[in-house]
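Structure record follows, encoded as structure tokens.
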Amino acid sequence: IALILTVPALPSPLSAADKLTIYSGRSERLIKPVLDEFTKKSGIHVQLLSSGTTELVNRLKAEGDRTAADVLITNDAGSLELARTAGVLRPLSMREIDRAIPSQFRAPDNAWVGLSGRFWIIVYNTSMVKPNQLGSLLDLADPKWKDKIAIPNSGSEYLQAGVSVIRATHGDDKTKQFLQGLKDNAGSQVYQKSSQIVDAVAKGQVALGIVNHYYIYRHLAKQPKAPIMAFMPDQQDGGMGAIMNVAGIGVVKSTKHLDSAKLLVEFLVAQAGQKLFADLDKEYPLHPEVKADPALVERKSFRAAQVPLTKLAELREPTLLLIEQVGLR
């Protein structure tokens, strides 16, 4: 190990045109297998810099044209839209995008493009909760769930995006009541990672939690006998529908490797790339001709909330203020 750490990295035999530097807000273990497949198919080497999405967007804004980044990949449409409005992403005119990804999952100028869908849903312990006890996410503020629920912390982009959709649908007052009830019911069961929430539910430490759907199915893929199930909330008549977000990609405006960056985008929106997200990460592909993992709830069987993904950026600041007022930690 000492030798490995002390030997300097050898220069790559690839030319600069054969390299892409990617700023990624996605976990490396989730995105790297897909990028490795791209390198295998194209010969283009990828240098991955992983960090928090907000930190990466701020870094791009601070670096400006001096940035080494060619591409931004994140797990939140709101962050991509913030990057677009800050002028750090390049609009793309590509027929491959228009053909593969429906317009509601990308920016109007294709400065960012959704790659996979995720839904903010309820995971419940099947020995502690019956599905007929569940309905809307807002019901989780009911005192009957006190000390029985696990939630993400206030820094979670999933929480921020989810609360933004609730605000846009139900208004500030009702959302504030929901957040206060959620805080009271969760108590100390506040987690940094969604996988920790699923684990707590599986172990019976709490009865239920709120997570992106794929964390449930990844857990079940490793532990198929775990006593957990997914519940798609807000499907009742007049309900807002399940809260959806997308992971996506944008090409940095100042990239010097535009052709290679476009090849990556083309690979990820095509059927082969979309199937990789579906198979490896248990996310919903956005290409209409690519099927999700059969273990997932059939996409046609539930409704999604109607708040446009492009609004998540403008909704974020007031949402953060509301979360802070309630005192979620």
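For the numbers below, each heavy atom of this structure counts, side chains included, while hydrogens, waters and symmetry mates do not.
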From [X] [atom1] over to [Y] [atom2], what is the distance, rounded to the nearest 0.5 angstrom?
{"X": "Leu280", "Y": "Ser116", "atom1": "CG", "atom2": "OG", "result": "11.0 Å"}
{"X": "Ile73", "Y": "Leu35", "atom1": "CD1", "atom2": "CG", "result": "5.0 Å"}
{"X": "Ile216", "Y": "Met229", "atom1": "CD1", "atom2": "CE", "result": "9.5 Å"}
{"X": "Leu89", "Y": "Glu81", "atom1": "CG", "atom2": "CD", "result": "9.5 Å"}
{"X": "Thr74", "Y": "Ile31", "atom1": "OG1", "atom2": "CD1", "result": "10.5 Å"}

Heavy atoms, side chains only, cut-off 4.5 Å: are [X] and [Y] in contact?
{"X": "Lys262", "Y": "Met94", "result": "yes"}
{"X": "Asn75", "Y": "Val246", "result": "no"}
{"X": "Gln104", "Y": "Leu309", "result": "no"}
{"X": "Leu137", "Y": "Ile243", "result": "yes"}
{"X": "Arg329", "Y": "Asn153", "result": "no"}
{"X": "His287", "Y": "Val269", "result": "no"}
{"X": "Ile249", "Y": "Leu72", "result": "no"}
{"X": "Leu159", "Y": "Trp120", "result": "yes"}

Any idea which heavy atoms bring [X] and [Y] closest together, and the distance?
{"X": "Ala305", "Y": "Val165", "result": "CB-CG1, 3.8 Å"}
{"X": "Leu134", "Y": "Tyr124", "result": "CD1-CD2, 3.8 Å"}
{"X": "Leu60", "Y": "Ala69", "result": "CD2-CB, 3.9 Å"}
{"X": "Leu312", "Y": "Ala161", "result": "CD2-O, 4.0 Å"}

Sidechain N-carboxylate O distance under 4.0 Å for [X], [Y]:
{"X": "Lys146", "Y": "Asp184", "result": "no"}
{"X": "Lys275", "Y": "Asp293", "result": "no"}
{"X": "Lys40", "Y": "Asp36", "result": "no"}
{"X": "Glu28", "Y": "Lys32", "result": "no"}
{"X": "Arg84", "Y": "Asp109", "result": "yes"}

Would the number of heavy atoms belonging to other residues, nucleotides or ligands and lying under 6.0 Å from [atom1] of [X] be above 12?
{"X": "Asp65", "atom1": "CG", "answer": "no"}
{"X": "Asp237", "atom1": "CG", "answer": "no"}
{"X": "Glu324", "atom1": "CD", "answer": "no"}

Do [X] and [Y] sit in the same hydrophobic cluster, where Ile, Leu, Val, Met, Phe, Trp and Tyr count as joined when their side-chain heavy atoms come under 4.5 Å apart?
{"X": "Leu82", "Y": "Phe105", "value": "no"}
{"X": "Leu315", "Y": "Leu321", "value": "no"}
{"X": "Leu276", "Y": "Leu30", "value": "no"}
{"X": "Met128", "Y": "Ile228", "value": "yes"}
{"X": "Leu286", "Y": "Tyr217", "value": "yes"}

Do [X] and [Y] get their side chains close enough for a donor-acceptor pair, meaning under 3.5 Å?
{"X": "His257", "Y": "Asp70", "answer": "yes"}
{"X": "Gln160", "Y": "Tyr158", "answer": "no"}
{"X": "Arg59", "Y": "Ser51", "answer": "no"}
{"X": "Gln205", "Y": "Gln189", "answer": "no"}
{"X": "Asp76", "Y": "Thr53", "answer": "no"}

Under 3.5 Å: donor-acceptor pair, side chain of [X], backbone of [Y]:
{"X": "Gln196", "Y": "Lys193", "value": "yes"}
{"X": "Glu289", "Y": "Gln271", "value": "no"}
{"X": "Arg218", "Y": "Ser195", "value": "no"}
{"X": "Gln47", "Y": "Lys19", "value": "no"}
{"X": "Glu96", "Y": "Ala270", "value": "no"}
{"X": "Asn125", "Y": "Val201", "value": "yes"}
{"X": "Thr39", "Y": "Ile44", "value": "yes"}
{"X": "Asn185", "Y": "Lys148", "value": "no"}
{"X": "Ser301", "Y": "Glu298", "value": "yes"}
{"X": "Asp281", "Y": "Ala278", "value": "no"}

* Asked: Of Leu92, Val113, Asn110, which is the lone residue that meets side-chain contact (heavy atoms from CB on, under 4.5 Å) with Asp98?
  ->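 Answer to the side-chain contact (heavy atoms from CB on, under 4.5 Å) test with Asp98 among Leu92, Val113, Asn110: Asn110.
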query = With respect to Ile166, which candidate in Leu322, Thr319, Thr175 satisfies the side-chain contact (heavy atoms from CB on, under 4.5 Å) definition?
reply =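 Exactly one option meets the side-chain contact (heavy atoms from CB on, under 4.5 Å) with Ile166, and it is Thr175.
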### Evaluation steps, side-chain contact (heavy atoms from CB on, under 4.5 Å), between Ile210 and Ile197
CA-CA 8 Å; Ile210 311 176; Ile197 294 176; over 6 Å; no
Can Ile121 and Met232 be said to form a side-chain contact (heavy atoms from CB on, under 4.5 Å), step by step? CA-CA 6 Å; Ile121 69 173; Met232 200 65 63; 3.3 Å; yes
Tyr284: ring pair (Phe, Tyr, Trp, His ring centres under 6.0 Å) partners, not counting sequence neighbours
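Phe119, His213.
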Original post:
Looking at residues at least two apart in the chain, or sitting in another chain, which of them share a ring pair (Phe, Tyr, Trp, His ring centres under 6.0 Å) with Phe38?
Top reply: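 In terms of ring pair (Phe, Tyr, Trp, His ring centres under 6.0 Å), with neighbours along the sequence ignored, Phe38 is linked to Phe267.
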* Asked: Pick one: which of Glu283, Lys282, Arg118 meets side-chain hydrogen bond (donor to acceptor under 3.5 Å, both in side chains) with Tyr214?
  ->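 In the set Glu283, Lys282, Arg118, the residue that makes a side-chain hydrogen bond (donor to acceptor under 3.5 Å, both in side chains) with Tyr214 is Arg118.
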Using the side-chain hydrogen bond (donor to acceptor under 3.5 Å, both in side chains) rule, take Asn212 and Ser194 through it: C-alpha gap first, then chi angles, then the decisive distance, then the call. CA-CA 7 Å; Asn212 278 345; Ser194 295; 5.9 Å; no
Next on the checklist: My understanding is that only residues two or more places apart in sequence, or in another chain, count here; which of them pass side chain to side chain contact (heavy atoms under 4.5 Å, CB included) with Asn58?
Outcome noted: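 Testing Asn58 for side chain to side chain contact (heavy atoms under 4.5 Å, CB included), a comparison that skips the adjacent residues, returns Thr54, Lys61.
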Worked check of side-chain contact (heavy atoms from CB on, under 4.5 Å) between Ser50 and Arg26
CA-CA 7 Å; Ser50 300; Arg26 301 212 61 189; over 6 Å; no
side-chain hydrogen bond (donor to acceptor under 3.5 Å, both in side chains) evaluation trace for Glu63 with Tyr23: CA-CA 12 Å; Glu63 291 175 342; Tyr23 283 7; 2.9 Å; yes
